[in-house]
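Whatever order the structure lists ligands and atoms in, that order sets their numbers, starting from 1.
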Amino acid sequence: MKKLISSIFIFITCTLYLPLCFAGEGMWLPIFLKSLNEAEMQEMGMKMSAEDIYSVNKGSLKDAIVHFGGFCTGEVISDQGLLLTNHHCGYSAIQSHTTLENNYIKDGFWAASHKHELANPGLYAKFIVRIEDVSKQALKGVNNKMDEAARQSQIDQNLNELKKQARLNQFEEIDFKPFFKGNQYFSIVTVTYPDVRLVGAPPEMIGKFGSDTDNWVWPRHTGDFAIFRIYANANNEPAEYSEDNVPYKPKHHLPISMDGVAPDDFTLVFGFPGRTNEYLPSYAISQIVDVLNPAKIAIRDAALKIVDTEMRADPQVKIQYASKFARIANYWKKWIGESQGIQATDGIGRKQKLEAEFLAKLKKNPKQNAQYGKLLPEFKSLYAEIEDYALMSDYYSEIVGRNIEIMRGASYLRNLVNRYESNGERAYDDYKQRLISRYFDGFYKNYRSEIDQKVFAKLMNLYHQNAKFDIAAPLKPELFMINAQPDEAGFMALAKVRFENTILADKEVLYKTLSMPPAKAIEKIKNDGLFQLASKLTEAYNENVAKEYSKINDKISKNQRLYMKALMEVFPEKRFYPDANSTLRVTYGKVDGYQPRDAVTYTPVTYVDGIIEKHVEGDYEFHVPQRLRNLHALKDYGPYADETGKVPVCFIGTNHTTGGNSGSPAVDAHGNLIGLNFDRAWEGTMSDYNYDASICRNIMVDVRYILFIVDKFAGAKHLIDEMTLVNPKAD
Ligand code: ARG
Ligand code: ASP
């Protein structure tokens with residue numbers, strides 16, 4: 001009976017209030033599952049309670065989930081701290097141990113025993129201890145008449161007070177985050193383990209199979225996983241790397257289901273989604289599709305073509321640039337899919353429809369109308385006002401901040417100069433040490449000035465051609481060109497002079513400069529031609545674009561905060577979830593295929609047979625390792641095949657995920673691991689703005705493929721023996 005009532009309830013809510021109620025949409029706060037989601041989840045087949053997923057009183061799923069290095073998710077899969085995440089999340093770590101002789105990227109890596117596991121300074125695993133709603137205290141004394149700066153300073157003061165009062169155990173830290181655009185605040189208590197070692201990774205031709213061609217694409221055949229281990233001191237407490245550390249004993253580790261998935265099976269993905277923007281007005285979405293995405297795509301297009309050519313020509317360059325290339329290509333491709341997806345699902349029209357409904361509701365309620373009636377017209381004029389600034393800001397951050405590599409080094413040197421000038425030698429020394437160990441040491445290992453110069457010439461030319469000089473006249477590059485035309489050849493000539501004579505060109509020269517007495521070093525830096533060029537660009541940007549951009553942005557944020565509040569008040573019957581903000585979230589859905597285009601239907605599971613179909617001898621994206629082809633030919637699958645005798649590789653579901661969810665576990669109705677989230681299907685990458693259950697799919701590696709690779713391909717059976725394998729469907 002209870003079930004019947006709840007299903008009627010869900011049917012009614014979802015039928016009446018369709019726009020915000022798709023099965024699958026939502027990144028939910030674990031502390032509100034009981035009140036908002038539990039009934040629906042159980043209706044969809046879940047056999048757990050909300051308490052089994054998140055509890056502060058007993059071990060729950062959340063105790064197996066970590067924020068991996070702050071940029072991905074990982075999960076504990078053995079009682080000895082074994083940690084599963086994506087190959088692409090562990091890529092930098094794997095790469096850092098890689099040389100031409102020990103090529104762990106190419107050949108994979110499997111530690112034969114604990115003492116062979118490799119330390120990764122800087123990498124950490126952060127557990128969530130508890131999350132609490134502190135909105136009342138955080139927003140005390142705040143009102144809508146305040147300007148944004150005053151508001152923020154009141155909130156900061158309140159949060160400081162809360163921090164002082166917080167009762168924390170040793171090793172616990174507390175953090176506060178705004179939710180629902182700053183209408184609510186939550187405190188998050190965490191414990192961070194800083195000793196995380198690399199245990200195993202498949203060769204890139206498995207872990208990154210299909211590379212950039214298949215990235216964001218379904219059907220997919222990538223074994224995107226890597227295995228780490230969390231280490232602790234003898235008391236199981238967080239400790240910096242030490243030989244004496246021992247494997248961490250978790251409160252909970254995920255059992256692993258050997259039974260696999262079938263279409264319509266319930267799936268839950270638990271992790272740390274980074275950033276979404278689901279409550280933007282239609283004006284913002286049009287700007288993204290018509291103006292900002294095309295500009296960013298064109299910039300990366302140009303940079304990627306250059307790097308790709310160089311990587312194909314030289315295997316050393318390929319090692320040096322592979323990770324950087326993948327990072328740039330990743331969002332380049334995502335933006336293309338995103339814009340197309342918004343168009344395909346009429347994302348703008350849907351927002352407009354919601355806005356029309358919103359206005360209609362306001363009309364019937366004079367009080368709300370007085371409070372919120374101006375929000376949409378204001379959005380309209382603010383987005384018109386910000387357009388050129390937003391465009392210039394994207395240009396600046398893409399070109400100067402990202403694609404021209406040497407610019408980052410130059411901007412760190414600027415910070416160094418600033419520190420020296422405002423805080424003296426001690427501050428200078430501290431910062432210098434950090435710069436060297438955390439940035440420059442790694443930077444030069446993978447840097448080719450001649451490639452960077454080509455990128456510089458190409459992108460500066462693009463910048464020059466497309467800049468909005470009415471707001472950014474001082475950015476005109478010809479102002480600091482030396483006897484050259486502002487075209488690609490001119491910028492190349494400029495690069496030759498500036499890049500080749502800079503102290504940043506060469507690690508030894510830079511380090512020699514930095515070892516001089518500070519006053520001398522600073523003088524040398526300030527006289528450096530490339531440093532001056534970078535500084536001019538930055539100063540001109542800060543003065544002429546950034547200031548005004550951030551002023552308008554503040555107004556937009558305030559409007560957005562009120563709009564969020566208004567939506568929640570005007571549509572009280574709708575369930576709202578907060579935008580992703582790198583905090584722990586639950587998303588749930590089901591295993592499901594989709595129809596990307598007319599007459600094309602995708603089924604939800606891929607198999608090893610499909611890997612073999614994609615094999616291209618010698619290809620850098622699609623060459624299948626001989627050993628895997630042999631196992632396939634002999635059907636030597638061990639216990640990892642499904643009931644039809646095939647090994648599944650990847651599957652898709654309707655879970656609402658985003659960047660940061662990579663490495664998140666997908667669990668079944670009972671909380672057993674069934675898959676490892678790593679991507680989304682291209683047609684649905686607009687889910688960050690506009691989730692649509694018809695085409696938004698997350699992509700997971702089937703855990704049986706992971707086990708198959710670990711056991712049969714790599715021969716690392718000892719790792720399987722650590723895990724807890726279960727058969728929930730049979731039992
Ligand atoms: N698209 C996935 C995510 O956003 C995977 C990226 C890594 N793979 C790659 N080929 N670049 O992060
Ligand atoms: N691949 C993404 C990640 O690295 C996940 C996604 O955007 O769907 O987090």
Exercise. Between T606 (side chain) and C650 (backbone), is there a donor-acceptor pair under 3.5 Å?
Worked result: yes

Exercise. Of the protein's non-hydrogen atoms, which lies at the shortest distance from atom 8 (N) of ligand 1, and what is that distance?
Worked result: N215 OD1, 3.9 Å

Problem set entry | Donor-acceptor under 3.5 Å (R697 side chain, G593 main chain) | yes

Exercise. Just by modelled atom types, is the D224 backbone N or O under 3.5 Å from a matching donor or acceptor in the H87 side chain?
Worked result: no

Exercise. Among I131, D175, T583, N581, which one satisfies side-chain contact (heavy atoms from CB on, under 4.5 Å) with F186?
Worked result: I131

For this session: Would you check the N or O atoms of D679, main chain and side chain alike, for any that come under 3.5 Å of an N or O of ligand 1?
Result: yes

Exercise. Judged by non-hydrogen atoms, does S211 sit under 4.0 Å from ligand 1?
Worked result: yes

Problem set entry | Donor-acceptor contact below 3.5 Å, side chain N655 vs main chain T657 | no

Problem set entry | Sub-3.5 Å N/O-N/O distance, N330 and ligand 1 | yes

Problem set entry | N661 side chain to T658 backbone, donor-acceptor under 3.5 Å | yes

For this session: For D212, counting its heavy atoms only, list the atoms of ligand 1 lying under 4.0 Å from any of them.
Result: 10 (N), 11 (N)

Exercise. If only atom types and distance count, is the side chain of E117 paired as donor or acceptor with the main-chain N or O of R229 below 3.5 Å?
Worked result: no

For this session: Quick one, list the residues around ligand 2 where some non-hydrogen atom comes in under 4.0 Å, by chain and residue number.
Result: H88, W216, T658, G659, G660, N661, S662, F678, D679, R680

Exercise. Parallel, tilted or perpendicular: which describes the rings of F209 and F622, with under 30° parallel and over 60° perpendicular?
Worked result: perpendicular

